[in-house]
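Take a look at the structure set out below.
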4 protein chains.
Amino acid sequence: MPHSASSPKGRPGRPRSAAADRAILDATRAALVDLGWGKLTMGDVAARAGVAKTTLYRRWANKNELVVDAVAVLFDELELPDLGCLQADIEGVVRQFGALLARPETKTALMAVVAESTTDDALRERIRSAIVDRQKRLVVLGRERAQQRGELPPDVPGPEGALAAARTAGLIFDLIAGAIVHRTLVTAEPVDAEWAHRLSTVLLQGLGGLD
Amino acid sequence: MPHSASSPKGRPGRPRSAAADRAILDATRAALVDLGWGKLTMGDVAARAGVAKTTLYRRWANKNELVVDAVAVLFDELELPDLGCLQADIEGVVRQFGALLARPETKTALMAVVAESTTDDALRERIRSAIVDRQKRLVVLGRERAQQRGELPPDVPGPEGALAAARTAGLIFDLIAGAIVHRTLVTAEPVDAEWAHRLSTVLLQGLGGLD
Amino acid sequence: MPHSASSPKGRPGRPRSAAADRAILDATRAALVDLGWGKLTMGDVAARAGVAKTTLYRRWANKNELVVDAVAVLFDELELPDLGCLQADIEGVVRQFGALLARPETKTALMAVVAESTTDDALRERIRSAIVDRQKRLVVLGRERAQQRGELPPDVPGPEGALAAARTAGLIFDLIAGAIVHRTLVTAEPVDAEWAHRLSTVLLQGLGGLD
Amino acid sequence: MPHSASSPKGRPGRPRSAAADRAILDATRAALVDLGWGKLTMGDVAARAGVAKTTLYRRWANKNELVVDAVAVLFDELELPDLGCLQADIEGVVRQFGALLARPETKTALMAVVAESTTDDALRERIRSAIVDRQKRLVVLGRERAQQRGELPPDVPGPEGALAAARTAGLIFDLIAGAIVHRTLVTAEPVDAEWAHRLSTVLLQGLGGLD
DNA sequence: TACTAAGCGAGACGGTACGTCCGGTCTTTTG
DNA sequence: CAAAAGACCGGACGTACCGTCTCGCTTAGTA
């Protein structure tokens, strides 16, 4: 998602190199792994990508924008495979997310980007739209599937029902994502099958208590 | 915790100024609030503290060490007030932690420090010992209190019982801290009384399901 | 004479700014007059030149190199005007050199640079090639003119004659330059017409005594 | 000549260590040889002397004062031995001065101190009184001896005679000292017996031509 | 086929902060 | 008191990046 002129067609002049785009994003992720956010430099990314610094700045306004774009795509690989029952589905996605965060590139990328966002509202917004909100779909999808299977009661109809559903989805998202992130980055212990099972057990059991 | 020579007594030469220590740490926290990690500069901290840059470097080897030390103390204020029942205790600590993270200084500090730690093992260890582990005591204490009240069954005696208890404490810590951090820093919505209540409800209900 | 890549043609990238070169050298001379070698700082020179400090360091490796280059050109203005007879020629060049060293920029520059060279062989070589050797031409030229006028006997032919001529030229150069420098910088009295006359008289008279 | 309190006797308190004085001056000369003026640091001198920096500053107000004092004594060893005739006397003192300046400590010291003086009038005055003027006695003494031997005519009596004598002495001093210094420090070739002989020849022959 | 507009590599540019070093002062304890 | 030790402030050092700029050259589409 480099910030280019809008009309991709018929613009005069030499077109941007798609290969450069790819090389830059790959180089950014590689540099992030090797160096972390703080030590990553635009010059180094350019050199890794075999590209001039100008080519970076023609596409992204600054380091933040570039890194967020380079990182966002990493989180798109999460899926909710249908494993037959809600608990299995939850465990599956927990393990997936845990595995994702176990990779140094994603770990570094996520934390760096979130940290930088604490004092940069525009960046925070970009992160939310590019990364976080795209994953909430997993919670919504899992809930729908469970309702179809009869494991969860259907939504209360009407606006207050929808509101309650949204609130619960938000809580679950914070719980799952937060627990995984905390275990990975702060506690620094692995998200293994056993831990995923215990987490999903607590969640399922606990959610019953929310009216 | 500046890295000073060990023997505080009878060393020859002019002793380090304790006032400078304090001024520097205060200035660091203030700068962190105003500027965030990335923009914070040693020169600025020195100027705020009314101190020469050399005085900073005499005490801390670099920015990371200084900021971690400046930040660590902020998390010591968390307590577990006895509110009569386990749910109230949990809600209380959740709200406390939420309020703590709502302050810009703590929010910025925590994330910055954690992010930096993803590529710096020494820093990660320093964080864990200086910040994280000191808060696990809250979970342990809450559990003991609830057992005394009869709200939770006593620990199974023997080593495997202790192990199970430790594992559960770890899960709870990740769940509570993770959810609060995630809500505050990623979802960017407040930890209010209502959310704290829902979280504690899920937790209490869910914990019953673990064996 | 900034230390740049050799080929001035067809090099890729933005070319060095010639205006910056000039501004820096001018600023260096000005700073040298105002502050002297010891107090001269690269930051100050950069500020006077309206240039970033990096631009200085891109061209010169350090203060010494910069100042020598800035100073060297000052000594190129010396000439040997044909005043009709040898004594007048000598007096002319003595007065010229005296006037040159009377200017604070040249005085400061020369001494500073020579002093620094006493412990820096590379610097000494740079000075000799950039400043000193270029002035020996005056002695050689004056001798040739006087021989054409018949005021001095022609060189003895053969290698030993050339050697003797070179030795004498060296002695004369040390005598003239040394006396002027010493009077200006150590004795700190002016090189006026009368002193120039007395010096040239001693020299002319004295040179007759060499074989 | 450290700037000490005036009364050396009966002062209360612990007396200054004379050993420290000597150690400091020796260390200063040594440091000057090793490092040159520019790189010489007070801390280094103190360390070499096995003395605290405070002890330096208690005796000398700053680097300049210390170095000039350390250097001045070096030039006191010049003498004018009576070799029987004027030319031999001159050659003798030329060789002596040449040998003196061949030593790195004197070479460095003299130039450094002179260079620093070009922008510091107080320092220049201190140098003149401590170093230069003390050597003019050699010229005056040589002249007197030659007059007693009948090699030079006696001074013209009266004030204008004295003035002329002083002027000539000044010229000779500038010529001799200047030529030696220039050859040693700029031309960077040795003052050997042959060169000394040629210099004295030119001088003696040339001086006959004055009035 | 030439023209034109933009992309591109290279690298200079003005800034800003880094972490180090030194000058000269101040504050301790020890003699 | 002096001396040794060393902390202190101030300020310059030379380096590293940032994000911008100016070159000469390449690569399209349009005339």
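All chains are named by letter (A, B, ...) in the order of the sequence lines, taking the proteins before the strands, and each is independently numbered beginning at 1.
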Please name the residue in the list Thr28(A), Asp34(A), Asp26(A) that meets the side chain to side chain donor-acceptor pair (under 3.5 Å) test with Arg48(A).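 By the side chain to side chain donor-acceptor pair (under 3.5 Å) criterion, Arg48(A) pairs with just one of Thr28(A), Asp34(A), Asp26(A): Asp34(A).
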Can you find a pair of side-chain heavy atoms, one from Asp69(A) and one from Arg59(A), that are under 4.5 Å apart?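 The answer is no, as the side chains (C-beta and beyond) never meet within the 4.5 Å cut-off.
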With a 4.5 Å cut-off on side-chain heavy atoms, are Leu110(D) and Thr106(D) touching?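 A side-chain contact is absent here, since even the closest heavy-atom pair is not under 4.5 Å.
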Evaluate side chain to side chain contact (heavy atoms under 4.5 Å, CB included) for Leu56(A) paired with Val51(A), printing each intermediate quantity in order. CA-CA 8 Å; Leu56(A) 269 66; Val51(A) 142; 3.7 Å; yes
Exercise: identify the closest heavy-atom pair between Tyr57(B) and Met42(B):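 So the two residues come closest at OH-CG, 3.4 Å.
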In whole angstrom, give the distance that lies between atom [atom1] of [X] and atom [atom2] of [N].
X	N	atom1	atom2	value
Leu35(B)	dA17(E)	CG	C1'	13 Å
Asp44(D)	dT20(E)	CG	P	20 Å
Asn64(C)	dG14(F)	CG	C1'	14 Å
Leu66(A)	dG19(F)	CG	P	10 Å
Leu40(C)	dG11(F)	CG	P	17 Å
Leu56(A)	dG11(E)	CG	P	17 Å
Lys63(A)	dT20(F)	NZ	C1'	17 Å

Could you tell me the separation between the [atom1] atom of [X] and the [atom2] atom of [Y], rounded to the nearest 0.5 Å?
X	Y	atom1	atom2	answer
Leu32(D)	Leu35(D)	CG	CG	8.5 Å
Leu66(B)	Leu40(B)	CG	CG	7.5 Å
Lys39(D)	Thr41(D)	NZ	OG1	11.5 Å

How is Thr41(B) classified with respect to the nucleic acid when contacts are heavy atoms under 4.0 Å: base, sugar-phosphate, or nothing?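 Contact class for Thr41(B): sugar-phosphate only.
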Please walk me through it: do Leu25(B) and Trp60(B) pass side chain to side chain contact (heavy atoms under 4.5 Å, CB included)? CA-CA 11 Å; Leu25(B) 291 172; Trp60(B) 291 275; 3.9 Å; yes
With axes from five pairs an end, tell me the bend angle of the helix from dT1(E)-dA31(F) to dG31(E)-dC1(F), nearest 10°.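 It comes to 10° between the two terminal axes.
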Can you tell which of dC13(F), dC18(F), dC22(E) lies closest to the side chain of Met42(A)?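 In terms of side-chain proximity for Met42(A), the closest of dC13(F), dC18(F), dC22(E) is dC18(F).
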Verify the contact: side-chain N or O of Lys53(A) to OP1 or OP2 of dG19(F), cut-off strictly under 4.0 Å; return yes or no.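 Indeed not, no polar side-chain atom of Lys53(A) lies that close.
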Given protein heavy atoms under 4.0 Å, the one-letter contact record of nucleotides 1-8 of chain E, with B base, S sugar-phosphate only and - none, is simply ----BBBB
